Every structure is written in structure tokens, then in C-alpha cells.
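So the structure is just underneath, and the comments pick up after that.
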Amino acid sequence: MNEPLPEGGTIRKLWIGETDAYRDHLLRLDRESRYRRFSGTVSDDFIARHAATANVLGVVVHGFFVDSVLRGAAELRPMGTMFTREAEAAFSIEQPWQSHGVGTELLERTLLSARNRGIKALHMQCLADNQRMQQLARKFEADLSFDFGGVVGEVDAPRSTPLSLMREAQADAHGVAAAILDAQSRLLKPA
Ligand SMILES: CC(C)(COP(=O)(O)OP(=O)(O)OC[C@H]1O[C@@H](n2cnc3c(N)ncnc32)[C@H](O)[C@@H]1OP(=O)(O)O)[C@@H](O)C(=O)NCCC(=O)NCCS
């Protein structure tokens, strides 16, 4: 399942203070991808307001970066109260990076985060004709159960284990290291 990411690409969680990068990524989506991401037509203002809420407690956004620019994202957002066991997941990948395995990797990370947060049901808003998203979700059928009913995919995430917690912590540590290396290499680049 772990295909290599497109060259130069890394995945890590977005940090507090990176909501502008998230907004800019969402604004760069082509018209169709934007429509599919939000299941309808939304304005630039709506996107800016939406991205600003990525800092809210409980929201986890995994980002796919190429040369330090955010090109893809997976948002995990709890539904309702803080103690809820349900969350919504939404994915956005800029067109040139679609169909290169990025969505697969982002969904895998999102499912791990959901599991570690005790999320039992993960809703994926998905237009009925979004075959790519549905195909992507089906790749995880072995671990998860789906009820697409045309629009919403519902996933029962298994419970967290010491191993699943460790996997997420390792991925976070790797993300920090990659970001530091990237910042260093940019500093050393001739102007
Ligand atoms: C939907 C989306 C998240 C999928 O991510 P992706 O990186 O393009 O998908 P992947 O490359 O990981 O491919 C996942 C599966 O989708 C299917 N797929 C890939 N490209 C496809 C295409 N052009 N047409 C149909 N199915 C396709 C394949 O089954 C693939 O698995 P495989 O390569 O193992 O066979 C991404 O395309 C995207 O952001 N689209 C616009 C916004 C959107 O639709 N968001 C989803 C609603 S929340």
C-alpha cells in the first residue's frame, strides 16, 4: 500500500501558524477539485474562513509538501463535542499531484490519527460520482467497513494500541526532522 511519494514530496502534520499555507493550497485547487473537496461551489472567502479554523482544538491536518509548498492535505475534524467519537475527513490534492499515491498515503495517516483519538466513525463527504475518492477509500476495505450509500463513507476505525500510538509519534518526529532539514537546505542555497 505504501507507494513512493512523488519526488521531493514529504508528508507531515501542519503546525499551528500554518493555516495561511493551508488556505493558499485550497485556493490553488482547480475548479473541479475545489468543487469536489467542498461538495459544492464555495467562494474564496469561504475557503479563507474554513482554513482559519484548522487551528481549532482536535482538528488534525496532514500536509503533503513539495519544496516546502503545501500541495495536498487531509483534514480530520471531530464532529460535535470534544468527546465525540465521530469525525469528518476531507482530502485535497492539487491537480498535478493527483493519481500519484498521495491520497492513499494521506488517508493512511488520517486513519491512524483517527484510531489514536478513539474515533469510531469517520465520515467522508464525497460526491456520488467521485470515483477516485471512492476507489481510494475502498483500498482500505480490509481494515475498515464502508457504507457509501452514494454520498457518505462511514469507517469503523479500530481502537488505538501502543503500536499505533508509536507509529503516529514516529511519523511526527520524522516530519519535524524533514522540515528542519528542508529549512537548512533552503538557507544554504545560493541566493
Ligand atoms: C480524490 C483524491 C483525494 C485522491 O487522491 P489521489 O492522490 O489522486 O489518489 P491516489 O493516487 O492515491 O489513488 C487512489 C486510487 O484512486 C484510483 N484512481 C487514481 N487515479 C484515478 C483516476 N484518474 N480515475 C479514477 N480512479 C483513479 C485508483 O484506484 C487509485 O488506487 P491505485 O493507484 O492503487 O489503483 C484527489 O484526487 C483529490 O484531491 N481530488 C480533488 C478533491 C476531492 O475529490 N476530494 C475528495 C472529497 S473529500
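Residues take their numbers from the sequence shown, with the count starting at 1. Just follow the structure's listing: the first ligand is 1, and inside any ligand the first atom is 1. Owing to the predicted nature of the structure, the values given are computational and were not obtained by experimental measurement.
- Polar contact check, Ser99 against ligand 1: a nitrogen or oxygen pair lies under 3.5 Å apart.
- In terms of N/O distances under 3.5 Å, ligand 1 is not approached by Cys126.
- With ligand atoms numbered from 1 in the order given, ligand 1 contributes 10 (P), 11 (O), 12 (O) to contacts under 4.0 Å with heavy atoms of Gly101.
- Using a 4.5 Å heavy-atom cutoff, the side chains of Val176 and Trp15 are in contact.
- For the pair Arg71 and Phe65, the NZ or CZ position fails the cation-pi test of under 6.0 Å to the six-membered ring centre and within 45 degrees of the ring normal.
- For the pair Asn130 and ligand 1, the shortest N or O to N or O distance falls below 3.5 Å.
- Using a 30° and 60° split on the angle between ring planes, His50 and Tyr22 fall in the tilted class, from 30° to 60°.
- Annotation: side chain of Val102 is in contact with side chain of Leu106 (closest heavy-atom distance under 4.5 Å).
- Looking only at side-chain heavy atoms (C-beta outward), His25 and Glu18 stay at 4.5 Å or farther from each other.
- Contacts between Ser92 and ligand 1, counted as non-hydrogen atom pairs separated by less than 4.0 Å, involve the backbone only.
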Report task. Would you check, one step at a time, whether the test side-chain hydrogen bond (donor to acceptor under 3.5 Å, both in side chains) holds for Ser113 with Asn116? Result -> CA-CA 5 Å; Ser113 292; Asn116 287 339; over 6 Å; no
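- In summary, the atoms of ligand 1 found under 4.0 Å from a heavy atom of Ser33, numbered by their order in the structure, are 41 (C), 42 (C).
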Requested in this report: For the pair Ser92 and Arg36, evaluate side-chain hydrogen bond (donor to acceptor under 3.5 Å, both in side chains) and give the outcome as yes or no after the intermediate values.
Outcome: CA-CA 9 Å; Ser92 50; Arg36 291 188 178 286; over 6 Å; no
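- At a 3.5 angstrom cut-off on N or O pairs, His100 counts as close to ligand 1.
- Contact annotation: for Gln98 versus ligand 1, heavy atoms closer than 4.0 Å belong to both the backbone and the side chain.
- In terms of polar-atom proximity, defined here as any N/O pair under 3.5 Å, Gly103 does make such a contact with ligand 1.
- With a 4.0 Å cut-off on non-hydrogen atoms, Leu106 does not touch ligand 1 at all.
- Checking Gln135, Lys139, Met133, Arg37 against atom 33 (O) of ligand 1, the nearest heavy atom belongs to Lys139.
- In this structure, of Leu29, Ile93, Leu127, the residue bringing a heavy atom nearest to atom 5 (O) of ligand 1 is Ile93.
- Around CZ of Arg167, the count of heavy atoms belonging to other residues, nucleotides or ligands within 6.0 Å does not exceed 12.
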